[in-house]
Enquirer: 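This is the structure I have questions about; it appears just below.
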Amino acid sequence: MSTFLLVHGAWHSGRAWERVVPLLESAGHRAYAPSLTGYGDKAHLLSPEVGLETHVADVVGLIREEDLTDVVLVGHSYAGLVISSVANDVPERIAHLVYLDAMVPEHGETGIDVQPVTQNLIDQAAAAQSADGNRSNGWRIPPMPELPAPLGLFGVTDPADVAWLRGILSDQSARCLQQPVRLDNPAVKSIPRTHIHCVGTATPEGVTRRPVPPIQPNGSPAQVWSLPTGHDCMITMPAELTELLLKAGL
């Protein structure tokens, strides 16, 4: 039995994994999908002080409270930053890191460094709120808008799924993208990694994907898989994603 800890990306909540968790559990594994501070049932806790370190503390706290070991730690999108710093804090408890269409940082980098387009989102949010005369809320970044097909809402295009997804999205604090990742613990390098890329649609304008080095930090060949779907693959291809997660967790 493996233990999967699924960390959602920006604007989402733990509910994003609702189609994946039962599949992992039916295969005989444990699966956790918490909502990070400021999202989902914790949306009321969002404030300017909520940042990357808040979310790292959320995940590390869960790992320690539940005494989880040999964790397959999965980070979607923004959560690539989160799982990197989590692994830095508790490398002895992590068996595998899975970067799911995720930001993949180096030590000391912020979300803005990894995805420079996020600075535009911060600037746009601040400008819009200033124009409304509400400068105090300039730190709140609203979810990215739905785009014409095939991009849709985070790669989701089915009308029913779009409506469901829109109902779980909430604002993001700018601080999440401004705090640096910590990857200075040498033990992190020994943790194997898997990268899963969603390649079913073109990426939105300004969004980039860093090439994965051919050799992992632990010296093994890079493990890069892809899914022919949009960014929120846990919604659009849950069975196929689960199959890859199980493969990574072996």
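If you read the sequence from its start, that first residue is 1, and numbering goes on from there. Below, all heavy atoms of this structure are taken into account, side chains as well, without hydrogens, waters or symmetry copies.
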Enquirer: What distance do Glu49 atom CD and Thr37 atom OG1 have between them, rounded to the nearest 0.5 Å?
Expert: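 One gets 12.5 Å once the value is rounded to the nearest 0.5 Å.
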Enquirer: Would you confirm whether Glu109, through its side chain, and Val114, through its main-chain N or O, come within 3.5 Å as a donor-acceptor pair?
Expert: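 It does not hold such a pair.
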Enquirer: Can any side-chain N or O of Asp232 pair as donor or acceptor with the backbone N or O of Val156 at less than 3.5 Å?
Expert: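 Checking the backbone N and O of Val156 against the side chain of Asp232, no donor-acceptor pair under 3.5 Å is found.
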Enquirer: Give the C-alpha distance, both sets of side-chain angles, the deciding distance and a yes or no for side chain to side chain contact (heavy atoms under 4.5 Å, CB included) between Val188 and His107.
Expert: CA-CA 11 Å; Val188 176; His107 174 65; over 6 Å; no
Enquirer: Check for me, please, whether Leu45 and Leu169 land in the same ILVMFWY cluster - side-chain distances under 4.5 Å, paths through other members count.
Expert: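 As far as the 4.5 Å side-chain criterion goes, Leu169 and Leu45 are not connected within one cluster.
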Enquirer: Determine whether Phe4 and Val21 make a side-chain contact, defined as any pair of heavy atoms from C-beta on separated by less than 4.5 Å.
Expert: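 Side chain of Phe4 against side chain of Val21, heavy atoms only: no contact under 4.5 Å found.
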Enquirer: For Pro221, is there any backbone N or O sitting under 3.5 Å from a side-chain donor or acceptor partner on Gln216?
Expert: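 At least one qualifying donor-acceptor pair exists.
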Enquirer: Compare every heavy atom of Leu62 with every heavy atom of Pro34, then report the nearest pair and how far apart it is.
Expert: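 For Pro34 and Leu62, the tightest heavy-atom pair comes out as CG-CD2, 3.8 Å.
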Enquirer: Atom CZ in Arg140, atom OG in Ser170: separation rounded to 0.5 Å?
Expert: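 Rounded to the nearest 0.5 Å, the CZ-OG separation comes to 8.5 Å.
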Enquirer: Of His76, His197, His231, which meets side chain to side chain donor-acceptor pair (under 3.5 Å) against Asp101?
Expert: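 Filter result, single survivor: His231.
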Enquirer: Step through the shown structure and confirm whether more than 12 heavy atoms of other residues, nucleotides or ligands are within 6.0 Å of CD on Glu53.
Expert: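 Yes, because the 6.0 Å sphere around CD of Glu53 holds more than 12 heavy atoms from other groups.
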Enquirer: Could you pull out the closest heavy-atom pair between Val56 and Arg182, with the gap in Å?
Expert: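 Looking at all heavy atoms of both residues, the shortest contact is CG1-NH2, 3.8 Å.
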Enquirer: Could you tell me if the side chain of Leu100 sits less than 4.5 Å from the side chain of Cys233, heavy atoms only?
Expert: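 Cys233 vs Leu100: side chains touch.
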Enquirer: When you compare the side chains of Gln223 and Thr194, does any donor N or O come within less than 3.5 Å of an acceptor on the partner?
Expert: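 Gln223 vs Thr194: donor-acceptor pair found between side chains.
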Enquirer: Any chance you could measure Leu165, atom CG, to Arg15, atom CZ, to the nearest 0.5 Å?
Expert: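 Going from the CG atom of Leu165 to the CZ atom of Arg15 covers 10.5 Å.
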Enquirer: Restricting to non-hydrogen atoms, name the atom on Ser35 and the atom on Gly14 that form the minimum distance, rounded to 0.1 Å.
Expert: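 That would be OG-N, 2.9 Å.
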Enquirer: According to a 4.5 Å side-chain heavy-atom criterion applied to Ile, Leu, Val, Met, Phe, Trp and Tyr, with indirect links allowed, do Val207 and Leu177 form part of one hydrophobic cluster?
Expert: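 Looking at the clustering, Leu177 is in a separate group from Val207.
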Enquirer: Taking everything shown except Glu205 itself, do over 12 heavy atoms lie less than 6.0 Å from its CD?
Expert: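 No, CD of Glu205 has 12 or fewer neighbouring heavy atoms, counting only those of other groups under 6.0 Å.
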Enquirer: Measure the shortest side-chain to side-chain distance between Ile191 and Asn218 over non-hydrogen atoms and say whether it is less than 4.5 angstrom.
Expert: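 No; the side chains remain at least 4.5 Å from each other.
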Enquirer: Any luck finding a side-chain donor-acceptor pair between Ser85 and Asn88 under 3.5 Å?
Expert: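 Not at all, the side chains of Ser85 and Asn88 share no donor-acceptor pair under 3.5 Å.
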Enquirer: Heavy atoms only: give me the nearest Leu68-Arg93 pair and the separation to one decimal.
Expert: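 That closest heavy-atom pairing would be O-NH1, 2.9 Å.
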Enquirer: Of the non-hydrogen atoms in Pro91 and Asn185, which two are nearest, and what is the gap between them?
Expert: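 Of all heavy-atom pairs spanning Pro91 and Asn185, the closest is CG-ND2, 3.6 Å.
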Enquirer: Is it the case that more than 12 heavy atoms not belonging to Glu106 sit under 6.0 Å from its CD atom?
Expert: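 Open.
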Enquirer: Taking the side chain as C-beta and beyond, is there a heavy-atom pair between Ile122 and Ile141 under 4.5 Å?
Expert: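 Yes, close enough: below the 4.5 Å cut-off.
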Enquirer: Can you confirm whether Ser173 sits close enough to Leu46 that some side-chain heavy atom of one is under 4.5 Å from a side-chain heavy atom of the other?
Expert: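 Ser173 vs Leu46: side chains touch.
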Enquirer: Could you tell me the separation between the OG1 atom of Thr118 and the CD atom of Gln178, rounded to the nearest 0.5 Å?
Expert: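 Atom-to-atom, Thr118:OG1 and Gln178:CD are 9.0 Å apart.
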Enquirer: Under the criterion side chain to side chain contact (heavy atoms under 4.5 Å, CB included), I'd like the reasoning laid out for Trp17 against Val74: C-alpha separation, chi angles, the key distance, then a yes or no.
Expert: CA-CA 11 Å; Trp17 303 99; Val74 183; 4.1 Å; yes
Enquirer: Determine whether a donor-acceptor pair (N or O, by modelled atom type, separation under 3.5 Å) exists between the side chain of Arg175 and the backbone of Pro48.
Expert: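 Answer holds: no.
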Enquirer: What closest approach, in Å, do Ala222 and Pro213 show between heavy atoms, and which atom pair accounts for it?
Expert: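 Heavy-atom minimum between the residues: CB-O, 3.1 Å.
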Enquirer: To the closest 0.5 Å, what do you measure between CG (Asp41) and OG (Ser13)?
Expert: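 These two atoms lie 7.5 Å from each other.
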Enquirer: Would you mind telling me which of Gln115, His8, His55 makes a side chain to side chain donor-acceptor pair (under 3.5 Å) with Tyr78?
Expert: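 Of the listed residues Gln115, His8, His55, the side chain to side chain donor-acceptor pair (under 3.5 Å) partner of Tyr78 is His55.
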Enquirer: Is the shortest side-chain heavy-atom distance between Thr3 and Arg30 below 4.5 Å?
Expert: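 Heavy-atom side-chain distance check passes, below 4.5 Å.
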Enquirer: Can you find a pair of side-chain heavy atoms, one from Met103 and one from Ser84, that are under 4.5 Å apart?
Expert: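 No, too far: nothing below the 4.5 Å cut-off.
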Enquirer: With respect to Leu73, which candidate in Val7, Val90, Leu6 satisfies the side-chain contact (heavy atoms from CB on, under 4.5 Å) definition?
Expert: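 That would be Val7; it is the only one of Val7, Val90, Leu6 passing the side-chain contact (heavy atoms from CB on, under 4.5 Å) with Leu73.
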Enquirer: Honestly curious: do Trp225 and Val72 fall in one hydrophobic cluster under the side-chain, below-4.5 Å linking rule?
Expert: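 Yes, it is one cluster - the side chains of Trp225 and Val72 are joined through contacts under 4.5 Å.
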Enquirer: Under a 4.5 Å side-chain heavy-atom rule over Ile, Leu, Val, Met, Phe, Trp and Tyr, are Leu97 and Val224 clustered together?
Expert: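 No: no chain of side-chain contacts under 4.5 Å links Leu97 to Val224.
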Enquirer: Which is it for Val181 and Asp113 under the side chain to side chain contact (heavy atoms under 4.5 Å, CB included) test, yes or no, and what are the steps along the way?
Expert: CA-CA 10 Å; Val181 168; Asp113 294 323; over 6 Å; no
Enquirer: Taking the side chain as every heavy atom from C-beta outward, state whether Glu243 and Leu246 have any atom pair closer than 4.5 Å.
Expert: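 No, side chains not in contact.
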Enquirer: Just checking, is any N or O donor in the side chain of Thr236 or Thr229 under 3.5 Å from an acceptor N or O on the other one?
Expert: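 Looking only at side-chain atoms, Thr229 and Thr236 do form a donor-acceptor pair, the distance falling under 3.5 Å.
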Enquirer: Rounded at 0.5 Å granularity, tell me how far OG in Ser190 sits from CD in Glu92.
Expert: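 Between Ser190 OG and Glu92 CD, I get 10.5 Å after rounding to 0.5 Å.
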Enquirer: Side chain to side chain contact (heavy atoms under 4.5 Å, CB included), that's the test. Do Ile83 and Val98 meet it? Break it down for me.
Expert: CA-CA 9 Å; Ile83 67 170; Val98 180; 5.9 Å; no
Enquirer: Treat each ILVMFWY residue as a node, draw an edge where side-chain heavy atoms are under 4.5 Å apart, and state whether Val104 and Val212 are in one component.
Expert: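 No, Val104 does not connect to Val212 through the hydrophobic network.
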